[in-house]
Amino acid sequence: MHWADSIAKALSHRGDKQVIASGITPSGEFHIGHLREILSSDIIKRACQRSGLDVEFVFFVDDADPLRKVYSFLDESYEQYIGHQLANIPPPDNNGMPDMARFEQGTSYADHFLQPFIQALEHIGVNIDEIIYNYASYKDGKVAEASRAACNQSEGIREIIERVSGRELNENWFPWNPVDSNGSIDGITITGWQDPIVKWTDSNGNEGQSDVTKGEGKLPWRVDWPAKWSWRGVTMEPFGKDHGAAGGSYDTGKEISLLLGSPPPYPTTYEWISLKGVGAMSSSTGVTIGPLEALELVPPEILRYLIARNKPNRHIDFDTGGALIELADEYQKKLSDLEKGPGEWNTLSRRQQVAWEKLKAQLIYSQIDPKQMPQAASERVSFRHLSLLAQIRSDDDDVWASLQRSGLISGQPSGDLPRRLELMRTWIDSTHFPEAFRLRIQTEIIDEAAENLDQRDSEYLTALSNQFKHCGWISDEINGIICNEAKAREISLRDAFQTLYWIVLGQDFGPKLASILAEMKREDVLNLLELAISTV
RNA sequence: GGGCCUGUAGCUUAGCCAGGUAGAGCGUCCGGCUUUUAACCGGAUGGCCAAGGGUUCGAAUCCCUUCAGGCCCGCCA
């Protein structure tokens, strides 16, 4: 059974009405790891729908959280905003400076990072029923009851946090972080509580008071989380392993949730996605990749597939290199397996049946349109193959022509093939494209190539060179010359091609050689051949 | 110190929750395609399921112990 279906099954025992939640603090650039949080929820939502549950997916934006520090991408001037809530501070401009103009037009720091992410989610087929802005929720009084309940039971909550997390709380600890006279929620001492008013003294010695029902501040994280479950009725939420550790915020949260009068949601902890550098060189240069950037490289269903195929507790090494091409090709292979069908069902072992159901679910959950069943039509062109053609053929029409000749497509490219080619070209132009798949046209003869050349090769190359000077510079003619001259000298085609691959690409294999030569300038090819001949 | 996850063929892994003869992809090797899409097709190779113990007619699967690796326990998913 697919992992999401298992969760849906567990949820069905709790009731027919499910609210699945995700939450993210928009404190900086979103990255591929955030996608796991959101896609896990989205996939679970679909699994619930598949098993007939009534399900909602809500996305909490934690824009009531304060700025923790001046991040590396921010200008020093953000120092003044530390401790201020993310919904309340200006967005950074391209230089990391506070952009007051945009702020005045209504774009906050939180919005700045959130908006592109939300856009990416649409492309990736994530269907959120409600985006909940935490800051606005406090302001609108949606958290009012939960906030009052927490403040009225501050001792009980303190007891839970201290006992479960083993952490000792400050004597003045209180489950409310008010906003001080400067707009910061750091460094404030609570001096009194009279429902619904909190009295406090800030770090400058100023005294003040906050009404917890009007969002003048927020609940601290360990209380804020269960409060959300409580006021929005969350029944299921996946969260990162940091929250899942013993004594972590889920452990304290579930008890606090009960104290506030609601059962805690069904939990699922997921492992991190780490970014595998593009080879060893770039892991130190800190190449990161955001959801938007990833969407410029591969079709969105591949990213969905990445999450759908891996159980949440499975660590993922995200690799924009060769592994991503393999992932994409694996996806297509499975599509075509699905199309072929499982065979005679009754003759399958239970294990085969399980595998089949799982394959099907993985593919269903990878679709951008949840109503569309996976289909393999027009998906016969592998990413691997496309990456070669895209490098050899600069003109799209030449790519289609090549695919037609090889029978992979008939007529004009259909479906999302043109889009895939466009993505592939972006990928090739980026630093993320794997070196192992990159074609390197040589300008010199490398040592390995020279070692493999002998007198017979020299004569062969000379003959090629002579013919290449006059022939039509198209793939078929070039290929004909290579083959005919080899035959004339009783050189096996395998050897002939290997010799040429060494000279042209610096390796002993490659994609169809004549296509590469036809893309090169005639004189460059002739020069390379001359160089090769002269090393013998 | 507390806790979570992982350990299955050279590599990536499925199967574990509901115990019933270990599956796949990649790689490798051989063969085919008599002009090669690092393509495709066919075949072969390859695992005492980390180790030990227990439960059972039967354990990769359940329980216990150990070992190894990764990670989390200051609001970074």
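Since the structure is predicted, the reported quantities are computational estimates derived from the model, not experimental observations. Protein chains get the first letters and strands the later ones, always in sequence-line order, with residue 1 at the start of each.
- Between B/G47 and B/G23, the two C1' atoms lie 11 Å apart (nearest whole Å).
- With respect to A/Lys9 and A/Asp5, no salt bridge is recorded, no charged nitrogen being found less than 4.0 Å from a carboxylate O.
- Nucleotide B/C62 is matched to B/G54 when pairs are restricted to Watson-Crick or G-U wobble geometry with both distances under 3.5 angstrom.
- In this structure, A/Asp242 reaches the sugar-phosphate backbone alone: every heavy-atom distance under 4.0 Å involves primed, P, OP1 or OP2 atoms, never a base.
- Of the candidates B/G3, B/C17, B/A77, B/A77 carries the atom nearest the A/Ile273 side chain, counting heavy atoms from C-beta on.
- As a whole-Å value, the separation of A/Tyr331 OH from B/U12 C1' is 20 Å.
- Nucleotides B/C41 and B/A24, compared at atom P, are 16 Å apart to the nearest Å.
- Across B/G2, B/U35, B/A77, the shortest atom-to-atom separation from the side chain of A/Ala245 is found for B/G2.
- Mapping A/Gly23 and A/Glu271 onto RNA chain B via the closest heavy atom, the residue that lands nearer the 5' end is A/Glu271.
- Across the P atoms, B/C17 and B/C33 are found 49 Å apart, a figure rounded to whole Å.
- Going from the C1' atom of B/G46 to that of B/G1 covers 44 Å, rounded to whole Å.
- Across all strands shown, B/U35 remains unpaired; no Watson-Crick or G-U wobble contact has both distances below 3.5 Å.
- Under the salt bridge (charged side-chain N to carboxylate O under 4.0 Å, His left out) test applied with A/Glu271, the options A/Arg36, A/Lys241, A/Arg314 reduce to a single match, A/Lys241.
- What separates NZ of A/Lys360 from P of B/A14 is a distance of 21 Å, to the nearest Å.
- In this entry the distance linking NZ of A/Lys333 with P of B/C40 reads 10 Å, nearest Å.
- Around the CD atom of A/Glu29, the shell of radius 6.0 Å holds no more than 12 heavy atoms that belong to other residues, nucleotides or ligands.
- Distances shown here put a side-chain N or O of A/Asn313 below 4.0 Å from the OP1 or OP2 atom of B/U6.
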Chi angles and distances behind the salt bridge (Lys or Arg N to Asp or Glu O under 4.0 Å) call for A/Glu237, A/Lys228: CA-CA 11 Å; A/Glu237 178 164 355; A/Lys228 281 177 197 151; over 6 Å; no
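- Side-chain atoms of A/Lys358 lie closest to B/A14 of the nucleotides B/U35, B/G2, B/A14.
- The distance between atom CD1 of A/Ile392 and atom P of B/U36, rounded to the nearest whole Å, is 15 Å.
- Proximity of the aromatic rings of A/Tyr133 and A/Tyr135 is defined here by a centroid distance below 6.0 angstrom, and this criterion is not met.
- Across B/G70, B/A77, B/G2, the shortest atom-to-atom separation from the side chain of A/Tyr270 is found for B/A77.
- Spacing between B/G69 and B/A59 at atom P, rounded to whole Å, works out to 30 Å.
- When the C1' atom is used for both B/A38 and B/C26, the distance is 13 Å, rounded to whole Å.
- Using atom C1' as the reference point in both B/C30 and B/U65, the two lie 47 Å apart (nearest Å).
- For A/Trp221, the side-chain atoms get nearest to B/C75 when compared with the rest of B/G2, B/C75, B/C71.
- Taking for each of A/Thr25 and A/Gly480 the nucleotide of RNA chain B with the nearest heavy atom, the 5'-most of the two is the partner of A/Gly480.
- Counting non-hydrogen atoms under 4.0 angstrom, A/Leu327 reaches nothing in the nucleic acid.
- When distances are taken from the side chain of A/His34 to each of B/A77, B/C17, B/U35, the shortest belongs to B/A77.
- Following rounding to the nearest Å, A/Trp173 (CH2) and B/G74 (P) show an atom-to-atom distance of 16 Å.
- Side-chain proximity of A/Ile24 to the nucleotides B/G70, B/U35, B/A77 is greatest for B/A77.
- Using atom P as the reference point in both B/U6 and B/G15, the two lie 11 Å apart (nearest Å).
- With B/G25, B/U35, B/C17 as the candidates, the nucleotide lying closest to the side chain of A/Met1 is B/C17.
- Looking at A/Arg163 and A/Glu255, a side-chain N of the basic residue comes within less than 4.0 Å of a carboxylate O on the acidic one, giving a salt bridge.
- Pair assignment for B/G47: none, as no Watson-Crick or G-U wobble contacts are both less than 3.5 Å.
- The side chain of A/Arg314 places an N or O atom within less than 4.0 Å of a non-bridging phosphate oxygen (OP1 or OP2) of B/A14.
- Under the 30°/60° scheme for interplanar angles, the aromatic rings of A/His243 and A/Trp221 are found to be tilted.
- Distances shorter than 4.0 Å separate none of the side-chain N or O atoms of A/Lys334 from OP1 or OP2 on B/A14.
- Atom CG in A/Asp186 sits roughly 13 Å away from atom P in B/C75 (whole-Å rounding).
- Using the Watson-Crick or G-U wobble rule with both distances under 3.5 Å, B/G1 pairs with B/C73.
- When the C1' atom of B/A38 is taken as reference, atom CD of A/Gln391 falls 12 Å away, rounded to whole Å.
- Taking 4.0 Å as the cut-off between side-chain N and carboxylate O, A/Lys218 and A/Asp62 do not count as a salt-bridged pair.
- Across the strands present, B/G7 finds its partner in B/C67; the criterion is a Watson-Crick or G-U wobble pair with both atom distances under 3.5 angstrom.
- Among the protein residues, A/Lys311 comes within range of the sugar-phosphate backbone only, with heavy atoms under 4.0 Å from sugar or phosphate atoms but none that close to a base.
- In this structure, the CZ atom of A/Phe497 is 11 Å from the P atom of B/A38, given to the nearest Å.
- Across every strand in view, B/G42 sits in a pair with B/C30 that passes the Watson-Crick or G-U test at under 3.5 angstrom.
- B/C16: no Watson-Crick or G-U partner with both key distances under 3.5 Å is found in any strand.
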